[in-house]
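Note that these values count all heavy atoms, side chains included, but never hydrogens, waters or copies made by symmetry. Throughout, a chain's letter reflects where its sequence line sits, starting with A, and its residues are numbered from 1.
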Amino acid sequence: MDNMSTLNSLLTDWMRAAFQAAFPGQDQALAAVAVEPAASPEFGDYQCNAAMGLARTLRQAPRAIAAAAIAHAPPQPAVARLEQAGPGFINLTLDDAWLAARLEGMLSDPRLGAPLAGAGRTVVIDYSSPNVAKPMHIGHIRSTVIGNALDRLHRFLGYRVIADNHLGDWGTQFGILIQGYRHFLDRAALAAAPVEELERLYVRSYERARAEEDWMAQCRKELVKLQAGDPENLALWQEFIRLSRGEFDRIYARLNVTFDLTRGESHYHDRLPGVIERLESTGLARESEGALVAFFDGDKLPPCIVRKSDGAFNYAATDVATVLSRVEEFNPAAIIYVTDERQQLHFRQVFALARQLGVGAELVHVWFGLMRLPEGTFSTRQGNVIKLEMLLDEAETRALAMVRESSPNMPAEQQRAVARAVGIGAVKYADLSQNPQSLVTFSWDKALALTGNSAPYLQYAHARICSVLDKYRERHPGVRLENYPLRPELPVERALSLHLARFPDILLGAARLYRPSILADYLYALAGHYSNFYQNVPFLKEAEGIRESRVRLCAAVAGVLRQGLDLLGIEAPERI
RNA sequence: GCCCCCGUAGCUCAGCCGGACAGAGCAUCGGAUUUCUAAUCCGACGGCCGCAGGUUCGAGUCCUGCCGGGGGCGCCA
């Protein structure tokens, strides 16, 4: 199946060839000819809208153009009907037998027809990236979950992925924290909840620093000592990182997220003087009011400070150094950053500098809107922060209550495992299923939805299929289902088959636009088609042949659901 | 002041490169379980797609302006 093109590209190439045969010498204008899924089933399976747009260039009426393209279309076994409609649409209906064979091909491929689009290419994905010494709260989940889905998706498409958790482990906050640690440490609290205690120390020290000049000066001194390699401060700093990573790792384990690298900003510290030198020598940055400032006259961006007047490097310098280091070490085709919207300007500046320094890799900032509460923003100071662990706990608790109710006979251990999969899946899906760039208002009921457009809905569809397959094997032991052909005859079966066959195109689209929500939408629609099928069409008690075809269709849906959910980082238990 | 994003059904949101009558979930109302898991399915109700112009054969989608909300803009990261 590796050499097989996806449905979209197959039909698009063919349709373009039809236009080229009808209008020789117009290749440039015809490059835009494309085929897309039909807006409505009544129009067929796919449609081509190119004729209307070409009317001016080709100096012909759209309907005449469409008719000519149809007349010149080369033979194509995939297409049963090709017809003109409305002002110049071309509607395509796939051949039933061809579609069934296509599905057979997908099912015999462990990759379900997904092309190895990224073979030989490397992408670095920088995501999650929490700050050391601060607990992860619900604002951190989006980067983690979206980044992880992009990670899995790219890996599946054959990219070599370097997932890097770029910890915030360097900077002025550590001077404040060390000073706080020296004066306010509560050892019992640190032992009980280390990161919470570190945060408390930071907040307390920070507040005092705002009020007292001397305290602030002392914080700065601690930072300078740390950055100069003072053994005592270095040891403290390493301890902060160790404690924080312990807590982060616990959350990542629950979320089933793993990184290839966990390099903090500190990793690039030694490279900063070299970067500054290059920025200065190339004229990209110059002195201004004691600071070193990068200007972006050509790019219409405001200037940014790369080195402060006290000589400390700013985070723009760190991020440029990080880009250069990644390019040098991994030679990636793309570096993808997943952060919230507040960093848009920052990354535009960093990317502009990197390009000026000769970086050719595609630099992408995948940003998402800040999570808000109905009553407004949340902040540590207002004390209305919802800790990520609390959210995950609540999700599992709600899911467990549901499992106990609907599956009272399931062993307790399994109930807990299902509740974990369902609860965590629900939380992830809430972030993955919407356009990340919308403003998001957090609500418990939405984040933990267990019905409707939610992960549990998909998991439920999957579990029901597993149950059907088990029952089939019980009643018909030893039967090799592959020996029976797929015969999608009913409209709902055909719709299901067509939807399944689109899976590879969906993966490519989601990766190209860096939007896992495209995959989530697809899976939701798939589960919807399936639920309709399941609810309204009997299969186990049908006659041999029909029965096997339908059971195989079920298996196909299960396979795509499982693979799709896995790419979103969501488990698909066989029983829920 | 300048820049970026968002504004779609009562609520929460989809809507890919502009395409044929604008779609879900929740909520409300009405149906479906002797059957393969009802965390489900079927149906009803519900929309000047913020407003006003413009481009286009065609605009929720692109452009301009305005209104409303969020974020950012030289010494935090």
Q: Please report, rounded to the nearest Å, how far the C1' atom of B/rC75 is from the CZ atom of A/Phe313.
A: 14 Å
Q.
Counting the atoms with a prime plus P, OP1 and OP2 as sugar-phosphate, which does A/Pro303 contact under 4.0 Å by heavy atoms, base, sugar-phosphate, or nothing?
A. nothing
Q) For B/rC17, what is the paired nucleotide under Watson-Crick or G-U wobble rules, both distances under 3.5 Å? A) none
Q | Separation between the C1' atoms of B/rG25 and B/rA39, rounded to whole Å | A | 14 Å
Q: Go ahead and name the base partner of B/rA39; Watson-Crick or wobble counts if both distances stay under 3.5 Å, otherwise write none.
A: none
Q: Taking only the side-chain nitrogens and oxygens of A/Tyr457, find out if one of them lies under 4.0 Å from OP1 or OP2 of B/rC41.
A: yes
Q: Indicate whether any N or O donor in one side chain lies under 3.5 Å from an N or O acceptor in the other, for A/His462 and A/Arg562.
A: yes
Q: Examine B/rA39: is either OP1 or OP2 under 4.0 Å from a nitrogen or oxygen in the side chain of A/Ser406? Give yes or no.
A: no
Q.
Between A/Arg502 and A/Tyr46, is there a side-chain donor-acceptor contact under 3.5 Å, judged purely by atom types and distance?
A. yes
(Q) Could you identify the nucleotide paired to B/rC73, looking across every strand shown and requiring Watson-Crick or G-U wobble geometry with both distances under 3.5 Å? (A) B/rG1
Q) Closest nucleotide of RNA chain B for A/Gly290 versus for A/Phe43: which of these residues is on the 5' side? A) A/Phe43
(Q) Whether the side chain of A/Lys446 and the base of B/rU12 hold a donor-acceptor pair under 3.5 Å is what I'd like checked. (A) no
Q: Would you mind reading off the distance between A/Arg464 atom CZ and B/rC41 atom C1', rounded to a whole angstrom?
A: 8 Å
Q: Select base, sugar-phosphate, or nothing to describe what A/Ile465 touches, counting heavy atoms under 4.0 Å on all strands.
A: nothing
Q) In terms of the angle between their ring planes, are A/Tyr315 and A/His346 parallel, tilted or perpendicular, with boundaries placed at 30° and 60°? A) parallel
Q: Could you tell me whether the side-chain ring of A/Phe89 sits stacked on the base of B/rA20, using a centroid cut-off under 5.5 Å and a plane angle under 30°?
A: yes
(Q) Please report the distance separating the P of B/rU28 from the corresponding atom of B/rA14, rounded so that it comes out in whole Å. (A) 23 Å
Q. What is the distance, rounded to the nearest whole Å, between atom CZ of A/Phe539 and atom C1' of B/rC36?
A. 5 Å
(Q) I'd like the P distance from B/rA24 over to B/rG46, given in whole Å. (A) 15 Å
Q: Could you work out the separation of B/rG60 and B/rG53 based on their P atoms and round it to a whole Å?
A: 14 Å
Q.
Over all strands shown, is A/Val492 touching base, sugar-phosphate only, or nothing at heavy-atom distances under 4.0 angstrom?
A. nothing
Q. Nearest to the side chain of A/Ala291 - B/rC75, B/rA39, B/rC36?
A. B/rC75
**Q.** Whole-angstrom distance between B/rG7 and B/rC13, as gauged at atom P
**A.** 10 Å
Q. Hey, which of these two, A/Lys471 or A/Asn532, hits RNA chain B nearer its 5' end, going by closest nucleotide?
A. A/Lys471
Q) Picking from B/rC5, B/rA77, B/rU40, which would you name as closest to the side chain of A/Gln535? A) B/rU40
Q: Indicate, with a heavy-atom threshold strictly under 4.0 Å, whether A/Ser309 touches base, sugar-phosphate, or nothing.
A: base
Q. In whole angstrom, what separates A/Phe347's CZ from B/rC73's C1'?
A. 16 Å
Q: Test A/Asp470 against every option in A/Arg464, A/Arg575, A/Arg475 by the salt bridge (Lys or Arg N to Asp or Glu O under 4.0 Å) rule and name the one that passes.
A: A/Arg575
Q. Can you tell me how far P in B/rC45 sits from the matching atom in B/rA22, rounded to whole Å?
A. 15 Å
Q: Can you tell me, in whole Å, how much space there is between the C1' of B/rA59 and that of B/rC48?
A: 15 Å
Q: Look at all strands and tell whether A/Glu289 reaches a base, only sugar-phosphate, or nothing, counting heavy atoms closer than 4.0 Å.
A: base
Q) Is A/Arg307 touching bases, backbone alone, or none of the nucleic acid, heavy atoms closer than 4.0 Å? A) nothing
Q.
Students often get this wrong, so: under 4.0 angstrom with heavy atoms, is A/Val551 touching a base, only sugar-phosphate, or nothing?
A. nothing
**Q.** Distance (rounded to the nearest 0.5 Å) between A/Leu167 CG and A/Ser128 OG
**A.** 8.0 Å
Q: May I ask you to check if A/Lys308 and A/Phe313 form a cation-pi contact, with NZ or CZ under 6.0 angstrom from the six-membered ring centre and within 45° of the axis?
A: no
Q. For the pair made of CZ in A/Arg515 and P in B/rC5, what is the distance, rounded to whole Å?
A. 14 Å
Q | Base partner of B/rC26, which must satisfy Watson-Crick or wobble distances under 3.5 Å | A | B/rG10
Q: Could you please name the option among B/rC21, B/rU37, B/rU40 that lies closest to any side-chain atom of A/Ser40?
A: B/rC21
Q: Return the nearest nucleotide to the side chain of A/Glu341; candidates are B/rA39, B/rC76, B/rG71.
A: B/rG71
Q) Between A/Arg56 and B/rC57, is there a side-chain N or O to OP1/OP2 distance below 4.0 Å? A) yes
Q: Indicate, with a heavy-atom threshold strictly under 4.0 Å, whether A/Ser288 touches base, sugar-phosphate, or nothing.
A: base
Q | More than 12 heavy atoms from other groups under 6.0 Å of CD on A/Glu574 | A | no
Q.
Tell me if the aromatic rings of A/His499 and A/Tyr522 count as close, with their centers under 6.0 Å from one another.
A. yes
Q. Which of the following nucleotides, B/rA77, B/rC41, B/rA14, is nearest to the side chain of A/Lys308?
A. B/rA77
(Q) Need one value for A/Leu345: base, sugar-phosphate or nothing, where a base atom within 4.0 Å counts as base even if backbone is also close, heavy atoms only. (A) sugar-phosphate
Q | Nearest-Å distance once atom C1' is located in both B/rA77 and B/rG15 | A | 36 Å
Q.
At 4.0 Å (heavy atoms only), tell me whether A/Asp470 reaches a base, stays on the sugar-phosphate, or touches nothing.
A. nothing
**Q.** Residue-phosphate contact under 4.0 Å: A/Lys300 side-chain N/O, B/rC3 OP1/OP2
**A.** no
Q. What is the distance, rounded to the nearest whole Å, between atom CD of A/Gln349 and atom P of B/rC2?
A. 19 Å
Q) Which one, B/rC36, B/rC26, B/rC4, comes nearest to the side chain of A/Arg348? A) B/rC4
Q) Would you say B/rA20 has OP1 or OP2 under 4.0 Å from some side-chain N or O of A/Asn49? A) no
Q | Mate of B/rG58 where both pairing distances stay under 3.5 Å, Watson-Crick or G-U | A | none
Q.
Does B/rA39 have OP1 or OP2 under 4.0 Å away from a side-chain N or O of A/Tyr460?
A. yes
Q. Between A/Arg398 and A/Asp445, does at least one N-O distance fall below 4.0 Å, as a salt bridge requires?
A. yes
Q | Pairing nucleotide - B/rG65, Watson-Crick or G-U, each distance under 3.5 Å | A | B/rC51
Q: Tell me what A/Ile518 touches on the nucleic acid: a base, only sugar-phosphate, or nothing, going by heavy atoms under 4.0 Å.
A: nothing
Q) Taking A/Gln459 for the side chain and A/Ala426 for the main chain, is one N or O donor matched with an acceptor at less than 3.5 Å? A) no
Q | N or O in side chain of A/Asn453 less than 4.0 angstrom from B/rA14 OP1/OP2 | A | no
**Q.** Whole-Å gap separating C1' (B/rG72) and NE2 (A/His346)
**A.** 13 Å
Q.
Can you identify which nucleotide, out of B/rC36, B/rC13, B/rC16, has its nearest atom closest to the A/Glu36 side chain?
A. B/rC16
(Q) Categorize A/Ala85 for me: base, sugar-phosphate, or nothing, with a 4.0 angstrom heavy-atom threshold over every strand shown. (A) base
Q.
Rounded to whole Å, please give me the gap between CG in A/Asn536 and C1' in B/rU33.
A. 13 Å
